[in-house]
Chemist: 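Structure provided below as structure tokens; questions to follow.
All ligand and atom numbering here is 1-based and tracks the order in the structure. Just so it is clear, the values below take in all heavy atoms, side chains as well, and ignore hydrogens, waters and symmetry mates. Bear in mind that the values here come from a model prediction, so they are computed numbers and not experimental data.
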Amino acid sequence: MTGDARLPFLAELERKLLWLSTWTIHHANHERAHDDGLKIGGHQASSASLATIMTALYFAVLRPEDRVAVKPHASPIFHAIQYLFGRQTRENLANFRGYHGAQSYPSRTKDVDDVDFSTGSVGLGVAQTLFASLAQDYVKAHGWAKDRGMGRMVALVGDAEMDEGNIFEALLEGWKQGLRNCWWIIDYNRQSLDAVIREGLFARFEALFSAFGWQVVTLKYGSLQQAAFREPGGEALRDWIDHCPNQLYSALTFQGGGAWRKRLQDDIGDQGPVTALLERRSDEALAQLMSNLGGHDLPGLLEAFEQIDHDRPVVFIAYTIKGFGLPLAGHKDNHAGLLTLTQMEGYRTAAGIRPGHEWDRFEGLSMAPGALEEFLAAVPFNRRGARRSAAAAVAVPVDLPVPRQASMSTQQGFGLILNELARADSALSDRIVTTSPDVTVSTNLGPWVNRRGLFARQEMKDLFKAERIPSTFTWDYSPRGQHMELGIAEMNLFILLSALGLSHSLFGERLLPIGTLYDPFIARGLDALNYACYQDARFILIGTPSGVTLAPEGGAHQSIGTPLIGMAQDGLAAFEPAFVDELAVILRFAFDYLQRTGESEPNEHTWLRDETGGSVYLRLSTRALEQPRREITAELGSDIVDGAYWLRKPGPNAEVVVAYAGAVAPEAIEAVGLMAEDRRDVGLLAVTSADRLNAGWTAAQRARERGRAKARSHIERLLGDLPAHCGIVTVLDGHPATLAWLGAVAGHRTRSLGVEHFGQTGSIQDLYRHFGIDSQGIVAAAEMIAPGAPIRHLRAVGD
Ligand SMILES: Cc1ncc(C[n+]2csc(CCOP(=O)(O)OP(=O)(O)O)c2C)c(N)n1
Ligand SMILES: [Mg+2]
């Protein structure tokens with residue numbers, strides 16, 4: 001089909017999209033009962049701004065292998081497109097933003113209509129397309145996804161969205177990695193939520209993107225405007241447009257044809273060619289001319305998109321009008337604006353929509369429905385049907401190798417286990433891809449990287465090796481490499497994990513991504529981590545070193561709140577093992593858990609929704625601990641995965657139980673020894689996952705409240721036999737609230753030790769003492785909550 005033949009269809013569909021998206025929002029506000037009294041704003045004007053561009057893309061330009069992140073507030077247009085394709089239901093549209101209805105921001109997990117990338121937190125979806133391009137390159141370079149063409153990863157970007165710093169971080173990383181097949185289309189409507197944006201922003205964008213090697217295509221004037229510029233007086237009109245401040249352009253757009261005429265006449269009317277140019281047009285035609293910007297010109301958009309014949313990244317700066325085609329076009333307050341009932345009635349009449357037929361797919365259009373159906377069925381985007389892929393699970397061995405060393409840290413153990421995986425010839429090892437923001441070596445990924453190499457599309461030999469300069473690490477880059485080295489920006493780590501962790505769904509090829517970073521810097525990329533989880537990307541995150549246990553390394557690097565982040569983050573199972581044999585069990589579980597896609601019926605043993613799978617976060621330490629010499633039985637293995645086990649089982653008359661997590665294990669063990677003579681039947685609970693224990697407990701309670709009387713969670717079973725008078729001391733190198741809830745499980749008095757302040761440097765002993773998480777601190781706490789004879793081994797504790 002030639003470009004010309006498509007245009008009449010596209011023009012009809014654009015009108016339809018504008019109507020449907022506007023009606024969707026109007027309906028949600030006026031036709032549905034709202035007990036919360038909330039008006040839904042923030043969509044009408046923002047959506048309309050992209051109506052033309054999305055028409056051109058979805059109904060003509062996009063191919064099945066392309067993937068798109070749609071600006072959050074354009075979701076009504078997106079859903080309308082899918083509705084026309086038959087992939088979104090009328091019920092969901094009518095229930096926009098309602099319970100189980102179409103989502104206000106396109107959502108991979110909550111919407112039914114094949115959303116490629118979720119958006120919502122502005123900036124993240126944009127960067128996601130860049131990292132998805134890198135992930136695609138990774139998959140292709142490894143010889144996978146052979147039956148798929150190279151897709152373009154496309155972001156529809158709000159101009160104010162470009163303020164988000166993560167976009168700039170991504171741009172720099174993309175340049176380093178040789179980004180290709182990525183298009184960003186900036187909806188340059190010169191309005192944000194609150195305001196009209198700064199003059200001349202486009203020039204900064206142009207310079208910025210050019211500097212990073214992107215092609216910049218500016219779509220400023222539509223074809224009506226270009227034709228007018230060729231008329232006598234046209235040059236003056238163009239000059240006026242070029243110098244018109246954003247605010248004024250918006251205001252005149254809002255006011256319409258009469259205002260345009262007056263202003264233009266006043267400014268450049270010359271009683272000659274310009275006046276004649278204006279007079280040749282009615283008010284309506286003049287308004288149409290002035291709003292015919294590049295982003296609202298179908299022929300121009302098609303041409304601009306389709307003439308790109310290379311795979312370099314391209315940014316399109318498309319001039320648009322916020323609220324295009326609607327009575328609120330251009331008004332600076334229109335972000336949350338809604339059409340009034342009268343305006344909507346006017347729009348309905350103008351659009352030829354009969355009452356009661358608002359949702360009809362082709363109502364009000366002039367072309368025959370059959371012809372439109374045929375056109376829709378044939379558009380390239382639709383050629384392969386549903387876009388979600390799946391990949392078979394990669395087999396995970398029953399056990400991972402446990403490194404045998406008398407004393408080790410969990411971080412070291414992690415490096416050793418990965419080294420063993422790197423040596424193994426297995427599908428599991430081949431599908432692992434690691435990444436780190438400039439802390440590869442210091443998080444112990446070095447041995448893995450030595451064996452499996454760094455990834456780059458082009459070979460690059462390690463110069464030090466070539467020059468025979470001794471070095472522990474070999475940094476050869478090749479298309480076969482399995483480690484993606486990132487710059488320091490942690491946001492990029494999480495968005496890359498998000499992209500790699502969706503490879504099975506995006507490209508039909510399973511990857512098992514592992515990202516490492518210093519634990520405190522999780523906070524730096526937290527929103528991106530949340531975003532990755534929201535999209536249901538699957539990855540393993542290693543936070544190491546963590547806590548004050550990194551002691552002299554630097555107070556600023558101590559993490560306190562990350563165990564709570566691990567508990568609170570939906571979609572992420574968090575673990576904090578103390579010993580390397582536990583770590584091996586957890587990592588094995590993680591490789592399996594990552595690949596699960598089951599339904600969310602809770603497991604009746606733990607009450608966790610384990611069959612759905614998810615991502616995994618491991619908080620590791622650099623403190624070398626003496627390792628227990630033991631066999632991990634099946635029962636112990638499942639306890640470790642479920643979140644806790646008795647390292648020393650309390651006796652029937654236990655007065656105190658110490659529950660610890662992570663690197664403070666030696667202190668907890670010692671404290672139990674110190675108390676043994678003066679408190680009866682002391683127990684020691686090793687907590688490997690406060691997160692899973694807590695989640696299971698909450699779920700079991702809910703199940704009981706809903707009538708499943710026998711529901712018991714793992715922690716309830718573990719603490720079920722403790723006598724009522726027993727006290728619990730909890731301790732970890734992290735915020736004490738992480739384990740403080742343990743006392744509520746079966747009603748035991750509890751004292752929770754942990755770290756609430758950070759920044760102090762010193763030896764581990766200094767700091768443990770300082771925070772009272774050493775053995776003496778634990779004993780002192782036990783003495784307070786489990787009264788009895790003085791504990792003889794408790795020294796007088798001073799400050
Ligand atoms: C991280 C984040 N901060 C704030 C918001 C709230 N918000 C939603 S849209 C918006 C402004 C959007 O302006 P622009 O990107 O220009 O899009 P337009 O509506 O003009 O199309 C803001 C501040 C958000 N969604 N995400
Ligand atoms: Mg804007």
Chemist: May I ask you to check whether N189 brings an N, O or S atom to under 2.8 Å from the Mg ion (ligand 2)?
Modeler: yes
Chemist: Report yes or no: do Y221 and D242 form a side-chain donor-acceptor pair below 3.5 Å?
Modeler: yes
Chemist: Give a yes or no on whether a salt bridge exists between R108 and D536, defined as a side-chain N under 4.0 angstrom from a carboxylate O.
Modeler: no
Chemist: In sequence, state the C-alpha distance, the side-chain angles, and the governing distance for F521 and H557, and then conclude on ring-ring contact (aromatic ring centres under 6.0 Å, His included).
Modeler: CA-CA 8 Å; F521 303 132; H557 285 187; 5.1 Å; yes
Chemist: So that I know where these two stand, are Y347 and H26 an aromatic pair - ring centroids less than 6.0 Å apart?
Modeler: no
Chemist: Using the ring-ring contact (aromatic ring centres under 6.0 Å, His included) rule, take F59 and F85 through it: C-alpha gap first, then chi angles, then the decisive distance, then the call.
Modeler: CA-CA 10 Å; F59 297 126; F85 281 144; 5.4 Å; yes
Chemist: I'd like to check which ligand 1 atoms, numbered from 1 as shown, lie under 4.0 Å from a non-hydrogen atom of G120.
Modeler: 24 (C), 25 (N), 26 (N)
Chemist: So between G323, G123, S46, whose heavy atom ends up nearest atom 19 (O) of ligand 1?
Modeler: S46
Chemist: Check this for me, if you would: do R619 and D519 make a salt bridge, where the nitrogen-to-carboxylate-oxygen distance has to be below 4.0 angstrom?
Modeler: yes
Chemist: Does a salt bridge link E306 with R6, judged by any charged N lying under 4.0 Å from a carboxylate O?
Modeler: yes
Chemist: Of E164, R190, Q191, which has the heavy atom at the shortest distance from atom 1 (C) of ligand 1?
Modeler: E164
Chemist: Any N or O of S121 that comes nearer than 3.5 Å to an N or O of ligand 1?
Modeler: no
Chemist: Among N189, D159, D187, which one puts a heavy atom closest to atom 16 (O) of ligand 1?
Modeler: D159
Chemist: For atom 2 (C) of ligand 1, which of T119, L124, V122, N334 has the closest heavy atom?
Modeler: V122
Chemist: Quick check: of its N, O or S atoms, which one does D159 have closest to the Mg ion (ligand 2)?
Modeler: OD1
Chemist: Centres of the W260 and Y249 rings: under 6.0 Å?
Modeler: yes
Chemist: Quick check: H73 and ligand 1, any N/O pair under 3.5 Å apart?
Modeler: no
Chemist: Who gets closest to atom 12 (C) of ligand 1 by heavy atom: M162, H335, H43?
Modeler: H335
Chemist: Below 3.5 angstrom, do we get any N/O pair linking K71 and ligand 1?
Modeler: yes
Chemist: For F316, run the ring pair (Phe, Tyr, Trp, His ring centres under 6.0 Å) check against F305, Y188, W184 and tell me which one passes.
Modeler: F305
Chemist: Could you tell me whether A160 approaches ligand 1 through its side chain, its backbone, both or neither, with non-hydrogen atoms closer than 4.0 Å?
Modeler: both
Chemist: Please confirm if an N, O or S atom belonging to Q191, backbone or side chain, lies less than 2.8 Å from the Mg ion (ligand 2).
Modeler: yes
Chemist: Go through ligand 1 atom by atom and flag the ones less than 4.0 Å from a non-hydrogen atom of G158.
Modeler: 14 (P), 15 (O), 16 (O), 17 (O)
Chemist: Give the atom numbers and elements of ligand 1 that come within less than 4.0 Å of a heavy atom of E161.
Modeler: 15 (O)
Chemist: After noting the C-alpha distance and the side-chain angles of H79 and D113, does the key distance pass the side chain to side chain donor-acceptor pair (under 3.5 Å) rule?
Modeler: CA-CA 7 Å; H79 293 310; D113 52 354; 2.7 Å; yes
